[in-house]
Amino acid sequence: MTQSKLSQTEEYLWDLIQSNPQKCAHLSIEKLAEMANVSTATVVRTMKKQGYSGYTEFRQSALRNSDQPRYEILTKVNEKIRKVIIKNQTELENTIELLDENVIEDSVQEVINANKVYIFARGLSELIAQEMIIKLQLLGKIVQMHDDPEIMRTISKNISADSVGIFITLNGNTQELVDVARNLMLISHKLLLKVLYYLIYQPFRGFR
């Protein structure tokens, strides 16, 4: 890893982390900043100077290399199983950090006010979409789910502006979903606000 010279504050933070890496790796960036009495920007800057892309990459690395699992039961399972569990734990924690309460509240209101809800998903995400359909139907919403690329592209060109599109994606880069999102934007600039950019793990990065 390429490292840059740390400031006095950054060096203090790094020393604190190194003195108890496993404890720090299980803290959110806000909690770590609070514990060290520094800003979250300082945490990110320190990680980048130490060769990480950011705090998330540092946490993932620390958890992968952990010899002391957070949960005692993990000390009793096979190493491969432990790594899978820790990976899932990391992904869940990353998801929680990505959540924005304002986006969630706006999205819920858009779904409530929508005349019809369209859910677009591919691959493993379709299982989540099927469960979401049931939940929304129980709330009295009219819901359609589409997983075929060509049908998605065709349907998305004819969706009315009083509908909402929900995209479920595990990596945020599924091309078919990106194409559909662009089609929705062409229908109405206002409709762009009704596209739920991120559900599950990551932001809808493929859509620009």
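Since the model is a prediction, treat every value here as computed from it, not as a measurement. Quick note: residue numbers are just sequence positions, from 1.
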Quick check: is Ile151 connected to Val180 through a chain of hydrophobic side chains (ILVMFWY, heavy atoms under 4.5 Å apart)?
yes
Side chain to side chain donor-acceptor pair (under 3.5 Å) between Thr42 and Arg45: does it pass, once the steps are laid out?
CA-CA 5 Å; Thr42 297; Arg45 193 165 55 247; 3.3 Å; yes
Just by distance, do the side chain of Lys116 and the backbone of Ile159 share a donor-acceptor pair under 3.5 Å?
no
Check whether any side-chain heavy atom of Gln50 sits under 4.5 Å from a side-chain heavy atom of Phe58, and report yes or no.
no
Rounded to the nearest 0.5 Å, how far does CG of Asp162 lie from CG of Asn115?
4.5 Å
Please find the pair of heavy atoms, one from Val43 and one from Leu13, that lie closest to each other, and give the distance.
CA-CD2, 3.6 Å
Any residue meeting salt bridge (charged side-chain N to carboxylate O under 4.0 Å, His left out) with Asp148, in chain and number order, not counting sequence neighbours
none
Exercise: identify the closest heavy-atom pair between Arg59 and Ser28
NH1-CA, 4.1 Å
Just to verify, which of Ile134, Ile166, Ile119 counts as forming a side-chain contact (heavy atoms from CB on, under 4.5 Å) with Val143?
Ile119
Is it the case that more than 12 heavy atoms not belonging to Leu124 sit under 6.0 Å from its CG atom?
no
Ile168: which of Leu127, Leu177, Ile128 passes side-chain contact (heavy atoms from CB on, under 4.5 Å)
Ile128
So do the side chains of Val117 and Met132 get within less than 4.5 Å of each other, counting heavy atoms only?
no
Does atom NZ of Lys141 have more than 12 heavy-atom neighbours, drawn from other residues, nucleotides or ligands, at distances under 6.0 Å?
yes
Value rounded to 0.5 Å, distance of CH2 in Trp14 from CE in Met47
5.5 Å
Within-4.5 Å side-chain heavy-atom neighbours: Pro149 and Gln175
no
Side chain to side chain contact (heavy atoms under 4.5 Å, CB included) partners of Gln130, counting only residues at least two apart:
Ile133, Met145
Where Ser7 and Lys49 come nearest, the two heavy atoms and their spacing
N-NZ, 4.2 Å
Could you give the distance from CD (Glu150) to CD (Glu176), rounded to the nearest 0.5 Å?
9.0 Å
Got more than 12 heavy atoms from elsewhere within 6.0 Å of CD, Glu131?
no
Short side-chain to backbone donor-acceptor contact, Asn20 and Leu16, under 3.5 Å:
no
Should the pair His146 and Tyr118 be assigned to parallel (<30°), tilted (30 to 60°) or perpendicular (>60°) ring geometry?
parallel
CZ/Arg153 to CG/Asn183 distance, rounded to the nearest 0.5 angstrom?
8.5 Å
Min side-chain heavy-atom separation Tyr12-Asn37 under 4.5 Å:
no
